[in-house]
Amino acid sequence: VEDRAVAACPTSMTQDRKTAHPGTRIHTYPDESSRSAQFYRRANNSIPDGVSRSMALIHPHPIYVASGNGAWVEDVDGHHYLDANNNFTSIILGHADPVVNAAVTERLGKGTAFAMGTEAEIELAELLVERVPSIERIRFCNSGTEAVMGAIKAARAFTGRPMIAKVEGAYHGTYDHAETSLGSSPGTWGNDDAPVSVAYAAGTPRSVTEEVAVLPFNNAAASRSILDRCGDQLAAVLIDTLPSRVGLPDVDVEFLETVFTTARSLGALVIMDEVISLRLGLGGNQGRLGLQPDLTSLGKIIGGGFPVGATGGRADIMDVFASIDGQRAAVPTAGTFSANPVTMVAGFACMNQLTEASFARLEEIGNGIRHGCREVFADHAHDWQITGKGSLFRLHPHRRSIHSYREARLTDGETRVMAELQRRLLERSVYFSNYGLGCMNLATTDADITHFVEAVADSLKTLD
Ligand code: PMP
């Protein structure tokens with residue numbers, strides 16, 4: 001095992017936070033004698049796969065984390081990793097942010113769960129309503145999955161129609177309709193211009209896929225005719241304008257205009273999934289792109305590191321969640337932990353610290369990673385590329401030009417390469433996803449960017 005000191009991180013550029021770590025060294029992964037491996041063997045006796053979410057699983061054993069601070073995390077074996085995942089894009093300031101921690105700590109002393117509203121809920125709602133112009137009203141829940149489900153149910157109730165349309169390959173959480181065609185493959189997906197609605201989870205009733213039309217991302221003409229065919233059955237189009245599983249491609253303006261105008265000409269709503277893309281700007285990606293969706297689903301960063309989701313949008317549509325004149329709401333929503341005060345104070349403490357300057361710095365960090373990786377790839381024998389915006393990026397082990405899911409979808413061989421890259425990066429003190437999605441937080445320093453790029457360069461050499 002080679003020792004290699006990596007420059008200790010200086011203070012965070014934006015927040016005066018010390019993120020110094022004790023230095024990193026190349027270690028061996030997998031390591032069957034590690035505590036992570038021991039935890040995994042123990043966990044398998046009580047938890048299928050040893051972890052409660054599929055994306056935390058790494059073969060042959062996942063990493064169990066002990067702590068995080070700023071841009072770095074430490075595992076139960078004392079290995080440090082630059083966090084290039086950030087809990088799949090939900091951490092934006094950095095781990096253990098002191099302002100968030102102070103707000104949460106104060107809340108803990110006052111109780112954590114009540115069947116009553118709190119002022120914290122109103123404060124976070126007001127902040128989001130002010131920042132995102134299309135959101136006039138908002139309701140909180142516990143995950144992005146629920147946020148998307150709430151938006152779909154609201155659209156169905158408001159329009160009185162059953163169908164939704166969504167983009168092939170796009171991830172929107174695990175609600176049945178929303179996960180249609182998430183994992184389509186060449187054997188099942190049909191023509192490029194007319195993607196087949198394919199169930200994702202085994203056992204999904206056929207009625208679900210019949211109620212979902214599937215659009216090819218960035219294909220305006222095909223999307224228009226697919227939507228037109230839905231006609232007056234279409235309740236809403238669900239769209240993420242920077243879909244990670246579709247490869248984080250640049251979105252085509254004509255495609256977006258077509259989706260919005262066609263949906264509206266049919267009397268259907270547009271739901272923007274900004275669960276991830278809210279981290280692209282103060283007003284999310286809708287602010288960057290100048291879009292005005294009818295409904296928006298949120299999650300991740302708005303919880304300040306705690307479980308969260310929210311559905312927001314036009315006041316008249318959001319009224320489906322209200323019990324007008326004492327009647328049961330058109331779409332009743334419950335949720336024992338919805339708008340939980342710990343999440344609400346954490347979310348407010350986090351979101352309230354974000355300014356235009358924060359998003360400019362996140363862009364700079366992302367640009368540093370993209371630029372550095374492009375230089376590495378230019379020197380490399382194999383074909384690689386990097387896509388993305390702001391603090392989000394995706395590495396691809398191929399040079400297909402990526403406009404939609406079919407080009408971005410990894411072959412079995414490419415899937416193996418990405419999983420191997422994840423393992424090689426672990427050895428080089430970088431925590432990264434297994435399919436190439438990367439995300440940096442605001443505590444990331446320029447030295448951290450260099451660390452990431454060098455780790456990728458070194459890892460690629462071992463993949464040759
Ligand atoms: N929508 C998008 C775009 C997402 O990326 C995710 C989660 N990665 C979700 C919805 C679901 O969010 P959650 O995991 O909080 O249910």
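Nothing here was measured: the structure is a model prediction, and the numbers come from that model. Order of listing sets the numbers, starting from 1, for every ligand and every atom in it.
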Can you tell me the protein heavy atom closest to [atom] and the distance?
atom: atom 1 (N) of ligand 1; answer: D273 OD2, 2.7 Å
atom: atom 12 (O) of ligand 1; answer: G144 CA, 3.2 Å
atom: atom 11 (C) of ligand 1; answer: T145 N, 3.5 Å
atom: atom 5 (O) of ligand 1; answer: I276 CD1, 3.2 Å

Between ligand 1 and K300, is the shortest N or O to N or O distance under 3.5 Å?
yes
State whether a side-chain donor-acceptor pair under 3.5 Å links H172 with E179.
no
With distance as the sole criterion, is a donor-acceptor pair present between the side chains of H396 and T387 under 3.5 Å?
yes
With atoms numbered from 1 as shown, which atoms in ligand 1 lie under 4.0 angstrom from a non-hydrogen atom of D240?
3 (C)
Which of the numbered atoms in ligand 1 are below 4.0 angstrom from a heavy atom of G173?
9 (C), 10 (C), 11 (C)
Would you say [X]'s side chain and [Y]'s backbone share a donor-acceptor pair under 3.5 angstrom?
X: R314; Y: P293; result: no
X: R156; Y: G160; result: no
X: S36; Y: Y64; result: yes

Closer than 4.0 Å: a protein non-hydrogen atom to atom 14 (O) of ligand 1:
no
State, to 0.1 Å, how close R409 and E414 come at their nearest heavy-atom pair, and which atoms those are.
O-OE1, 3.9 Å
Check if Y171 has a non-hydrogen atom at a distance under 4.0 Å from any atom of ligand 1.
yes
Can you figure out which of R53, H172, R245 has its heavy atom closest to atom 10 (C) of ligand 1?
H172
Against the six-membered ring of Y435, is R245 placed for a cation-pi contact (under 6.0 Å from the centre, within 45° of the normal)?
yes
